[in-house]
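Below you'll find the structure, written out as C-alpha cells, and then a few comments.
Proteins come first, then strands; the chains are lettered A, B, ... in the order of their sequence lines, and each starts at number 1.
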Amino acid sequence: MTDGAGEPAAEAGGKLNFIEKLVAEDNKTGRFDRRVHTRFPPEPNGFLHIGHAKSICLNFGLAAAHGGLCNLRFDDTNPTKEEEAYVESIKRDVRWLGFDWDDRLYFASDYFDQLYEWAEQLITAGKAYVCDLTPEQTREHRGTLTEPGRNSPFRDRAVAENLDLFRRMKAGEFPDGARTLRAKIDMASPNLNMRDPVMYRIMHASHHRTGDKWCIYPMYDFTHGQSDSLERITHSICTLEFENHRPLYDWYIEELGIYHPQQIEFARLSLTYAVMSKRKLLRLVEEKHVSGWDDPRMLTISGLRRRGYTPEAIRLFCDRIGVAKFNSTVDMGVLELSIRDDLNARAERRMAVLDPLKVVIENYPEGQSEQLEAVNNPGDEGAGVRSVPFSRELYIEREDFMEDPPKKFFRLAPGREVRLRYAYMVTCTDVVKNAAGEVVELRCTYDPETRGGSAPDGRKVKATLHWVSAPDAVAAEVRLYDHLFAVPNPDDVPDGGDFLANLNPHSLERVTGQLEPSLAAATPGEFFQFERLGYFTPDSVDSKPGRPVFNRTTTLRDTWAKVQKQGDA
RNA sequence: UGCCCGGUGGUGUAAUGGUAGCACGGGUGGCUCUGAACCACCUAGUCAAGGUUCGAAUCCUUGCUGGGCAACCA
C-alpha cells in the first residue's frame, strides 16, 4: 500500500459507513476470528471506470484499515466475453490507484476443477440435475414475476443418469446449449434466482487461461461464493443488483458445507453529466464519439489518468462520496473539487495564454528584454522559483480586456491600470482595431517603478493578469475538455430517444495557446496550474519531446463567470 | 400484479430511542500579486399518516414513492 491509500475515510471524521460498521461488529464478536479479508472481483471484459474505483477503495481500504488483506480476483467464467488484454489493463489501473494485492492474484478459472467436483457432489446429493430443456423452454418453465414456474420434466432424473450425462457434457459429447446442469431448489420460489438456477452451461469456447480444457463453464452464481469461500474471504462486497442473489450464494455454500463468507451489497456510483454502464461506454468508443477507452473525457481510470487526474484525487473522491444502499447520483463537481484540492497543493504554476490578445508596451525600449522571478507554488515554498522573460510585446487573455467594461469588471480597460503577474503595472492607453471593428491590439504604458509587481507609492490595482512575452512564447495545442454530456442526466431522453442525443458538442475544444518558454520541456506525468485558467497536463499519447500537447484537467473555480451569469439573468 | 432493498436540506453523507450534524452547492463578507486557494457568517432536511414511548430520523402498521429481479451475462 502506498502513501495512505488504504486509510479509512479521513474526511468522514471517523464516522463509519454501514459496511465498516458491520465489519467492526464482526471483529467485536469474533465472527471471523477477527480477520478482515476482502476481494475486488472484476470480470475481464472491459476497462475499469470511476465506479470500479469506488469498489476498489472500499475493498482495499477496508482490509487496510483492519490490518487485513484484499485479493484481486478475476471473475472469468464466460470465455466468450473475456480477454487477456483486459486483465492487464485492470491490473495496471488497480496498481496505479495505489493498491497492492501482493501475491494474491486469483482467477475464478483457477477453481474450475474444484467447482466441477462440487457440482458432482450436489448431483450425488440429489441437489442438482441435468436438464435437456432448450433456452427458450427453460425460460417458459421459469414462470414470471407474478406466477410460479413449472418443474422441468428432467428434474427427477436418477442420480446415476445425472452423473453420467454431466460427465458426458464435460467430455464434449453435446453441442452448445443442448443441456445444462441445474440446482434443484424451488420452481415456485418468489425469488426467481432460486427457481432451479443453471449451474453449468455447454460452451465450446477457448478460455483465455484454461484454453480448450473445458467445454462446460460454471455460471457466476455457482462460482462467486465458492471462490470467496476458497480464498477465506470474510466480507464479500458487491453492488445492489446482487442482493437477490444472496440467498443462492448462501444456498450453494450451505449445501456444499464449506466456509461461509458474508455477502454485503452497496449502491454503485452514478455521476451527473456522465454514463457509467459498460454497454454505453462501449458504444461511445465503437461509434467513435470519443477517441477510445482512454479518451480524457471518459470516466475510465485510463481516461482520467490521461486527463490529468491523480490517484490521490480519486481516492479522496471515493472517501468523500461515502457508501450507502441508496441509489444516488453524485454531483460531478465533487470529482472536480477532489482533483483541484490535490493539484492546488502540488502543481507548479505557469503562465499560458489560450486566447491571445497582443499588447505593446509603448514606453518599454524596443529590443530590450529581462528575466523576472516567478513563484512556482505560493502554497509550497519548497517548489522554488523560476525566471520568465518580459519584453515590449506580450500576449494577454482576450477576455481580460473590455473596451466598455461593466461595473464589476476589474480587469484591463482603456485608461485603467492593472498588474501583470510578477512583472509590472501597466495602463491601457489605446485600442487598435481591424476593419471589422474587432480589437486586435492594445497599446499600454508600464511603470518601471513597479518591477516585480508592487508600487513603491503603495497604490493598489484591482486585477492581476497572466501574460506571456510574445517573442519568447511557445505555441502549443491545448485541449479544453468539458463534460461529455450536456445535461445532468444523459439517460433522461424523450421516448424512443437515445442517450447519445445528450452528448455535449463542446466537450472538446482545441486551441493554440501561447505558453511561457519553460513549458516546452513539459512531459507526460507532470501537471501544472496555468494561472487563473486551470490545471493542465501533457497528453500521454500526442505529446512529442519538446512539443507537448496539453490536456486541461479542470478549470479553476471561476467567480467572475458566476458574476457574469448573474448579470445575464 | 409477486419478491427483495431503499427513501434525512438542491446534492452526497452522519446521528443504533435522548440537542438533526458534516461536506459540496448556493448566498454575504474578509483576505489576496491567481475574481484561485484560504477564513468567517448565512441558507436549507427526517416521504406521509397513524401507533408504541417521558421522548421517534431511529421501533411497529398502513400508504406513497424510487431501484432491482423473469441471460445457458456478471
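Within the nucleic acid shown, A:Tyr200 has no heavy atom closer than 4.0 Å to any nucleic acid atom. Across all strands, A:Leu133 comes closer than 4.0 Å to base atoms (heavy-atom distances). The residue A:Pro378 sits close to a base: some heavy atom pair falls under 4.0 Å. Within the nucleic acid shown, A:Thr144 comes within 4.0 Å of at least one base atom, counting heavy atoms only. Residue contacts shown for A:Thr559 are limited to sugar-phosphate atoms, with no base heavy atom under 4.0 Å away. A:Tyr220 comes within 4.0 angstrom of a base, heavy atoms only. Within 4.0 Å of A:Thr272, counting heavy atoms only, lies no atom of the nucleic acid at all. At a threshold of 4.0 angstrom between heavy atoms, the contacts of A:Asn244 include nucleobase atoms, whether or not backbone atoms are also involved. As judged by a 4.0 angstrom heavy-atom cut-off over every strand, A:Leu240 is placed among residues making no nucleic acid contact. At a threshold of 4.0 angstrom between heavy atoms, the contacts of A:Asn45 with the nucleic acid are absent. The residue A:Arg557 sits close only to the backbone: its heavy atoms come under 4.0 Å of sugar-phosphate atoms, none of a base.
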Report task. Before giving the answer on side-chain contact (heavy atoms from CB on, under 4.5 Å), spell out for A:Phe527 and A:Thr553 the whole-Å C-alpha distance, their side-chain angles and the decisive distance to 0.1 Å. Result -> CA-CA 9 Å; A:Phe527 21 72; A:Thr553 308; 5.8 Å; no
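Residue side chain A:Gln529 reaches the base of B:rU34 through a donor-acceptor N/O pair under 3.5 Å, judged by distance alone. Put simply, the side chain of A:His245 and the base of B:rA74 share a donor and an acceptor less than 3.5 Å apart. Side-chain to base pairing of A:Arg349 with B:rU34: one donor and one acceptor N or O lie within less than 3.5 Å of each other. For A:Arg532 against B:rG35, a side-chain-to-base donor-acceptor contact under 3.5 Å is absent.
Remark on RNA chain B: of its neighbouring residues A:Lys325 and A:Arg411, the 5'-side contact belongs to A:Lys325, judged by nearest-heavy-atom nucleotide. Along RNA chain B, the nucleotide nearest A:Lys562 and the nucleotide nearest A:Asp558 are compared for position; the residue whose nucleotide lies closer to the 5' end is A:Lys562.
Checked against side chain to side chain donor-acceptor pair (under 3.5 Å), A:Asn162 has no partners two or more places apart in sequence or in another chain.
Protein atom NZ of A:Lys81 is 7 Å distant from nucleotide atom P of B:rC73, rounded to whole Å. Atom pair A:Asp221:CG and B:rC72:P shows a separation of 11 Å (rounding to whole Å applied). Rounded to a whole Å, the CG atom of A:Leu271 is 12 Å from the P atom of B:rU13.
Taking the centre and axis of the six-membered ring of A:Phe107, the NZ or CZ atom of A:Arg209 falls inside the cone set by 45° and 6.0 Å.
A salt bridge does not link A:Glu348 to A:Arg386: none of the charged side-chain nitrogens sits closer than 4.0 Å to a carboxylate oxygen.
For B:rG35, the OP1/OP2 oxygens have no side-chain nitrogen or oxygen of A:Arg419 closer than 4.0 Å.
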Can you give the donor-acceptor pairs under 3.5 Å from side chains of residues 44-53 of chain A to other protein atoms, not counting sequence neighbours?
residue, atom, partner, partner atom, Å
A:Asn45, OD1, A:Lys278, NZ, 2.5
A:Asn45, ND2, A:Glu43, OE1, 2.9
A:His49, ND1, A:Gly51, N, 2.9
A:His49, NE2, A:Met276, O, 3.2
A:His52, ND1, A:His49, N, 2.9

Query raised in the report: How does RNA chain B look in dot-bracket notation if pairs are Watson-Crick or G-U with both distances under 3.5 Å, crossing ones as [ ], other-strand ones as |?
Result: .((((((..((((....[..))))((((((.......))))))...(((((..]....))))))))))).....
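The six-membered or imidazole ring of A:Tyr86 lies away from that of A:His208, with a centre-to-centre distance of 6.0 Å or more.
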